[in-house]
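Data first, discussion second: the structure below is written as structure tokens.
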Amino acid sequence: MAIQTNGFLSGYLRSKRLGAVLPYVKSGRILDWGCGVGELGVHVDASRYVGVDIDDVSLNIAKSRFPDHRFVYPDDPLLNSENTFDAVVALALIEHVENPETWLAEIKKHLAPNGSLVLTTPHPSMQWAHELGARVGLFSAEAAEDHNVLVDLPAMETLSQKVDLSIALYRRFLMRCNQLFVLTHPHRA
């Protein structure tokens with residue numbers, strides 16, 4: 001997935017997603033999955049932060065913006081099962097993966113005991129608005145085209161149970177168009 005900065009409101013939406021997750025990244029080690037150009041790095045000290053992305057251009061921009069932060073590809077040896085994080089953050093990402101259940105199971109491996117997976121994703125009921133906004137240039141057209149599956153609360157309950165995670169927090173934000181999920185290990189939280 002390439003950088004998705006086009007769209008008149010893309011920066012605004014990104015800032016609202018960041019604002020929604022900031023209360024959950026105040027301490028501990030943070031893994032920013034799908035970090036893009038590293039916007040979360042503004043709010044997380046380099047000693048606590050690792051950003052992951054598959055896009056070369058995004059990673060190069062992130063590295064130049066935040067030279068003290070660590071940015072890697074998903075296959076980097078740093079991301080082994082012994083190196084875990086207190087929070088894994090994925091902003092507007094789960095809707096772009098082919099198989100959310102498999103992705104959640106993989107991401108869970110990076111959580112420390114008592115760690116949290118913090119996700120934002122558009123609400124499925126607002127897909128029409130996202131598509132319309134992309135057509136008229138308000139939102140990223142690439143992002144709208146790259147959506148595989150939009151997940152709502154019942155779908156996330158099912159997915160999280162299948163991978164032995166539980167929803168510790170759920171709320172909608174940005175005029176109820178977006179969702180925040182905080183997932184934890186049910187036996188550790």
Side-chain angles (χ1 to χ4, degrees), residues 1 4 9-36 39-40 42-44 48-53 84-134 139-140 143-144 146-189:
M1 185 175 3
Q4 297 168 349
L9 295 177
S10 292
Y12 173 76
L13 297 174
R14 192 170 25 265
S15 72
K16 291 300 182 184
R17 288 191 295 266
L18 279 168
V21 303
L22 287 179
Y24 308 98
V25 298
K26 290 186 178 194
S27 63
R29 296 187 66 224
I30 309 302
L31 180 62
D32 184 6
W33 201 274
C35 66
E39 288 297 320
L40 187 57
V42 171
H43 305 281
V44 179
R48 301 187 306 112
Y49 178 93
V50 175
V52 178
D53 209 294
T84 58
F85 297 83
D86 299 295
V88 177
V89 177
L91 302 175
L93 181 68
I94 194 167
E95 65 272 15
H96 297 281
V97 300
E98 275 188 47
N99 186 325
E101 181 182 340
T102 301
W103 180 79
L104 282 172
E106 285 299 312
I107 293 298
K108 177 184 165 188
K109 295 176 184 177
H110 300 291
L111 288 178
N114 298 316
S116 299
L117 174 54
V118 184
L119 308 171
T120 67
T121 187
H123 193 274
S125 69
M126 300 309 295
Q127 179 68 18
W128 67 270
H130 197 272
E131 290 172 357
L132 178 63
F139 312 130
S140 168
D146 285 346
H147 284 175
N148 285 315
V149 176
L150 293 180
V151 177
D152 61 4
L153 180 58
M156 185 61 79
E157 287 170 339
T158 300
L159 286 168
S160 59
Q161 288 171 0
K162 287 180 177 182
V163 298
D164 194 29
L165 291 170
S166 65
I167 300 172
L169 177 97
Y170 171 76
R171 74 177 177 86
R172 289 176 68 178
F173 66 100
L174 198 59
M175 297 181 291
R176 301 187 54 79
C177 294
N178 264 276
Q179 306 167 97
L180 170 71
F181 292 96
V182 177
L183 307 177
T184 59
H185 292 282
H187 52 282
R188 295 184 188 166

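Numbers for residues simply follow the sequence, beginning at 1.
- Legend: side chain to side chain donor-acceptor pair (under 3.5 Å) pairs involving residues 153-162, not counting sequence neighbours: none detected.
- Between C35 and G51, the shortest heavy-atom distance links the atoms SG-C, 3.7 Å.
- Taking all atoms of both residues into account, the shortest heavy-atom contact from W103 to L119 is CH2-CD2, 3.7 Å.
- With rounding to the nearest 0.5 angstrom, the CD1 atom of I94 is 4.0 Å from the CG atom of L104.
- To the nearest 0.5 angstrom, L180 atom CG is 5.5 Å from Y24 atom OH.
- Across all non-hydrogen atoms, the minimal contact from W33 to H110 is CZ3-NE2, 3.9 Å.
- Under the side-chain contact (heavy atoms from CB on, under 4.5 Å) rule, V25 has a single partner from D86, V118, V44, which is V44.
- The ring-ring contact (aromatic ring centres under 6.0 Å, His included) search around Y170 returns F181, not counting sequence neighbours.
- Partner of L31 under the side-chain contact (heavy atoms from CB on, under 4.5 Å) criterion, out of I107, V52, L111: V52 alone.
- Side-chain atoms of T184 never come within 3.5 Å of backbone atoms of S116 as a donor-acceptor pair (strictly under, hydrogens ignored).
- Atom CG in L174 sits 13.5 Å away from atom NE2 in H123 (nearest 0.5 Å).
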Given the rule in the side-chain contact (heavy atoms from CB on, under 4.5 Å) test, do K108 and L165 qualify, once you have shown the distances and angles that lead to the verdict? CA-CA 8 Å; K108 177 184 165 188; L165 291 170; 4.0 Å; yes

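- Expressed to the nearest 0.5 Å, how far CZ of R17 lies from CG of L22 amounts to 13.0 Å.
- Using a distance-only test at 3.5 Å, with no hydrogens or angles considered, a donor-acceptor pair links the side chain of D53 to the main chain of G36.
- Interatomic distance, R48 CZ to K26 NZ, rounded to the nearest 0.5 Å: 11.0 Å.
- Remark: the backbone N or O of T120 is not paired with any side-chain donor or acceptor of Q179 at under 3.5 angstrom.
- Here the straight-line distance linking atom CE of M156 with atom OG1 of T121 works out to 7.0 Å at 0.5 Å rounding.
- Considering only heavy atoms from C-beta on, L18 comes within 4.5 Å of E39 through its side chain.
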